[in-house]
Amino acid sequence: MKPLSLCLVNMGTRGLELVKSFPDVIPSDSMNQLVYKTIPMGSNPGDFASTTFNNLNLTSFIFRIPSAENRDNLASLVAVFNTSNYDANSIKQVFSWVVAELEKKDLLATHTLEEILPKLYKGFNKGQFKIEITSTSTIKFDFPKQGNDKNGNAIDALSDDLWD
Amino acid sequence: MSFLQRLFRTRTKHADITICGLDDAGKTTILRFLETGEFVDTTPTMGVNRETLHLPNLQVNVFDLAGQEDFRNMWHNINEKSDGIVFVIDRSNVMRFDEAKEVFEQTIHAQLDQDLIILILLNKSDEPNVIEKSLFIEEFNLLDLPFKWAVFETSAKTGDGIFNSFKWFVDEFIG
């Protein structure tokens, strides 16, 4: 399951904006449309979105980024593919798991997500990832194999076991 | 259906209202306070939230509009079908008063319905260094408005002024 690119989108002062894409391979015209398709109208934290446009397919997870000083922000993690033949459920599970793990460790912040995006992308290509977020916090994840009925249980178990 | 039910049904009115204002003024937080009676942390609105409030003799469809610049172009499409507008202002953010005034004037000038009711909320009254109500009325030229309007001081954190302001609004609809 090799995405074309992973993106992080959040709400800026004017509207939705791209924070980072890795690798940066999506044409700017498509990117301008993409940011508004990753968080559809009326979306709330916890929602998923999937759509197809300009021969690109994407699945996004919409979540809340906490802030101590200002109000919480709205953001999305996005996987972009140039084929429709990918497992959207696995994408949803990975993204929601990563966000939940960062939140659990009080590390859910835009700059953290920016930093781990390249490693997450490489992890998608290898089928697993291990990311050191700080000197004391690491997340490690093995992607469920497609067609495995026990995906959900496997992920639940991993969240308990894989913190170093 | 009993006589009373029929009577009640015929007396229930419907109103569409929109909540506008700059981003981070507190529009969604006010709406959540109306629904739950308590302060609820919110995230920026993605385009529009639509909620229905069921009040005695009045069903209100509320369109809570995102305040970011990119979304303001769609306001007039929703506002022109509205029976009333709630305009929310962060009264503690002096740096954005000019922007708020410009957006307020654009919103008001786009209205065609002379019977429109406008509720203006000076929100974040719990913050220090807020603009005075009288100064605000003068600065925003409210006395020249050709609509029925009222200004209330509110705080969506403490709830101060929220219910009183909407009571005025609802009373205007029910007549």
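- Residue contact with chain A, scored on non-hydrogen atoms closer than 4.5 Å, is absent for B/Thr29.
- Both B/Ile118 and B/Val103 belong to a single network of hydrophobic side chains, linked directly or stepwise wherever heavy atoms of I, L, V, M, F, W or Y lie under 4.5 Å apart.
- Residues A/Val98 and A/Leu8 fall within the same hydrophobic cluster, defined by Ile, Leu, Val, Met, Phe, Trp and Tyr side chains chained together at heavy-atom separations under 4.5 Å.
- For B/Asp64, no part lies near chain A; criterion is any non-hydrogen pair under 4.5 Å.
- Ranked by heavy-atom pairs under 4.5 Å with chain A, the first of B/Asp41, B/Asn49, B/Thr45 is B/Asp41.
- Test A/Leu16, A/Asp72, A/Thr13, A/Leu74 against B/Pro44 for side chain to side chain contact (heavy atoms under 4.5 Å, CB included) and you get one pass: A/Leu74.
- No path of Ile, Leu, Val, Met, Phe, Trp and Tyr side chains, each step under 4.5 Å between heavy atoms, connects A/Leu120 with A/Ile26, placing them in separate hydrophobic clusters.
- Salt bridge status for B/Asp24 with A/Arg71: present, with a side-chain N to carboxylate O gap under 4.0 Å.
- No chain of hydrophobic side-chain contacts below 4.5 Å, direct or via other Ile, Leu, Val, Met, Phe, Trp or Tyr residues, connects B/Leu119 to B/Phe147.
- For A/Pro45, the part sitting under 4.5 Å from any heavy atom of chain B is the side chain, from C-beta outward, and nothing else.
- Around atom NZ of B/Lys157, no more than 12 heavy atoms belonging to other residues, nucleotides or ligands sit under 6.0 Å away.
- For the side chain to side chain contact (heavy atoms under 4.5 Å, CB included) with B/Met46, the lone residue among A/Ile62, A/Asp47, A/Ile39 that qualifies is A/Ile39.
- Taken together through direct or relayed side-chain contacts under 4.5 Å among Ile, Leu, Val, Met, Phe, Trp and Tyr, B/Val170 and B/Ile19 form part of one hydrophobic cluster.
- Contact annotation: the side chain of A/Arg14 never approaches that of B/Arg72 to less than 4.5 Å [non-hydrogen atoms, C-beta and beyond].
- For the residue pair A/Met41 and B/Val48, the shortest heavy atom distance occurs at SD-N, 4.3 Å.
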